[in-house]
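Note that the structure is predicted; figures quoted are calculated from it, not measured. For the single chain, residues carry numbers from 1 onward in sequence order. In listed order, ligands and their atoms are each counted from 1.
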Amino acid sequence: TQGFTVAIDGPAASGKGTISRAVAEHFGFAHLDTGVLYRAVGAKVILGQDAESAAKTLVPEDLTNPDLRTPDVAQAASMAAAVPEVRAALVDFQRSFAARAGGAVLDGRDIGTVICPSAQVKLFVTATADVRARRRFQELSGNGLETSFEEVLADVQARDARDMGRADAPLKPAHDAIEVDTSDMAIEDAVAAAISLIK
Ligand code: C5P
């Protein structure tokens with residue numbers, strides 16, 4: 001499995017994170033949630049730092065900041081992610097992670113299209129905006145965050161539009177990606193489908 005890479009892309013709350021973790025565990029591959037890199041940049045922008053310099057000076061501790069999962073950080077991340085210099089600063093780290101011995105799963109928005117165009121397997125995980133907002137709403141409420149379904153849906157839609165509409169590395173399936181629509185699937189079934197596709 002030297003250099004074996006699984007690229008998993010898709011919009012917010014599509015199920016790609018859960019699928020990626022399960023796939024990595026199943027095959028014994030390392031897993032990188034690349035959204036965390038952009039969230040770490042977003043968190044620094046909220047504290048007043050310039051996005052480009054934040055991306056160029058990220059350190060491992062920035063990736064374990066417990067506040068990275070908030071909706072504010074998600075929006076700041078997607079704004080920073082539209083800046084080409086921010087994306088460029090994060091490429092080498094992601095590519096070296098992908099090339100590690102023993103195999104790797106990377107999930108994000110541009111893994112199959114830009115970061116790892118020659119990944120052995122590419123999945124594009126989708127679900128309707130309504131289903132994704134429902135999942136994210138449950139997750140956020142479960143973590144004790146006060147929010148409404150309407151607010152979460154508006155956030156998800158704003159982020160989708162920004163991620164799909166940007167000029168540099170927009171969210172879209174690679175031409176050779178396999179699409180997995182999880183709208184009507186239990187997450188265990190989506191995981192099982194992804195594992196059998198990879199096998
Ligand atoms: O996946 P997650 O929701 O944590 O990503 C946060 C934001 O980071 C996304 O909305 C997107 O703008 C950006 N991102 C990106 N490219 C990636 C991963 C995330 O642009 N590979």
Side-chain angles (χ1 to χ4, degrees), residues 5-21 23-24 30-46 51-52 54-55 58 62-98 104-117 119 122-127 129 131-140 143 145 147 151-174 177 180 182:
T5 306
V6 180
I8 304 188
D9 292 302
S14 55
K16 68 183 188 310
T18 307
I19 292 174
S20 301
R21 278 190 298 277
V23 160
H31 171 226
L32 179 64
D33 168 3
T34 64
V36 166
L37 303 172
Y38 296 91
R39 285 174 181 265
V41 173
K44 287 178 174 249
V45 170
I46 289 173
E52 181 179 346
L58 276 191
D62 295 329
L63 309 182
T64 53
N65 172 349
D67 300 328
L68 296 182
R69 306 311 314 173
T70 68
D72 286 352
V73 169
Q75 293 299 331
S78 102
M79 283 182 232
V83 178
E85 291 78 10
V86 167
R87 307 199 68 82
L90 302 174
V91 168
D92 288 350
F93 176 75
Q94 296 175 83
R95 289 199 179 137
S96 347
F97 191 98
V105 181
L106 282 79
D107 75 282
R109 303 291 188 289
D110 64 338
I111 308 304
T113 51
V114 173
I115 302 297
C116 303
K122 299 180 186 179
L123 303 182
F124 194 81
V125 183
T126 61
V131 165
R132 292 186 288 116
R134 228 165 270 285
R135 288 179 189 157
R136 187 48 56 86
F137 173 63
Q138 279 182 356
E139 178 188 325
L140 292 170
N143 292 342
L145 202 101
T147 183
E151 199 176 344
V152 174
L153 178 63
D155 268 15
V156 161
Q157 287 171 328
R159 209 139 60 88
D160 285 356
R162 208 181 290 117
D163 291 347
M164 294 188 292
R166 70 184 173 222
D168 189 15
L171 168 64
K172 64 171 179 200
V180 180
T182 68

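Shortest contact from atom 3 (O) of ligand 1 to any protein heavy atom: R159 NH1, 2.8 Å. Nearest protein heavy-atom contact of atom 4 (O) of ligand 1 is R39 NE, 2.5 Å. Distance from atom 14 (N) of ligand 1 to its nearest protein heavy atom, with residue and atom name: Y38 CD1, 3.5 Å. If you check which protein heavy atom lies closest to atom 1 (O) of ligand 1, you get R109 NH1, 2.9 Å. For atom 18 (C) of ligand 1, the closest heavy atom belonging to the protein is T34 OG1, 3.4 Å.
If you check each of D107, D163, D168 against atom 12 (O) of ligand 1, the one with the closest non-hydrogen atom is D163. Of the candidates R87, R162, Q75, R87 brings a heavy atom nearest to atom 20 (O) of ligand 1.
Of the N or O atoms in R136, none lie within a sub-3.5 Å distance of an N or O in ligand 1.
Using a 4.0 Å cut-off between heavy atoms, A12 makes no contact with ligand 1 at all.
Here F124 contributes atom CZ and L171 contributes atom CG; the two are 4.5 Å apart, rounded to the nearest 0.5 Å. Separating the CD1 atom in I19 from the CG atom in D107 is a distance of 9.5 Å, to the nearest 0.5 Å. Distance check: L68 CG to L37 CG gives 10.0 Å after rounding to the nearest 0.5 Å.
A donor-acceptor contact under 3.5 angstrom links the side chains of R135 and T182, judged on distance only.
No side-chain heavy atom of M164 sits under 4.5 Å from any side-chain heavy atom of R109.
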Requested in this report: Could you go through the salt bridge (Lys or Arg N to Asp or Glu O under 4.0 Å) check for R87 and D110 one step at a time?
Outcome: CA-CA 10 Å; R87 307 199 68 82; D110 64 338; 2.9 Å; yes
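D155 and R136 are not joined by a salt bridge, as no carboxylate oxygen comes within less than 4.0 angstrom of a charged side-chain nitrogen.
Set against the non-hydrogen atoms of A81, the atoms of ligand 1 under 4.0 Å away are 12 (O), 13 (C), 20 (O). Near K16, meaning under 4.0 Å from one of its heavy atoms, ligand 1 places the atoms 1 (O).
No side-chain donor-acceptor contact under 3.5 Å links R39 to the backbone of A77.
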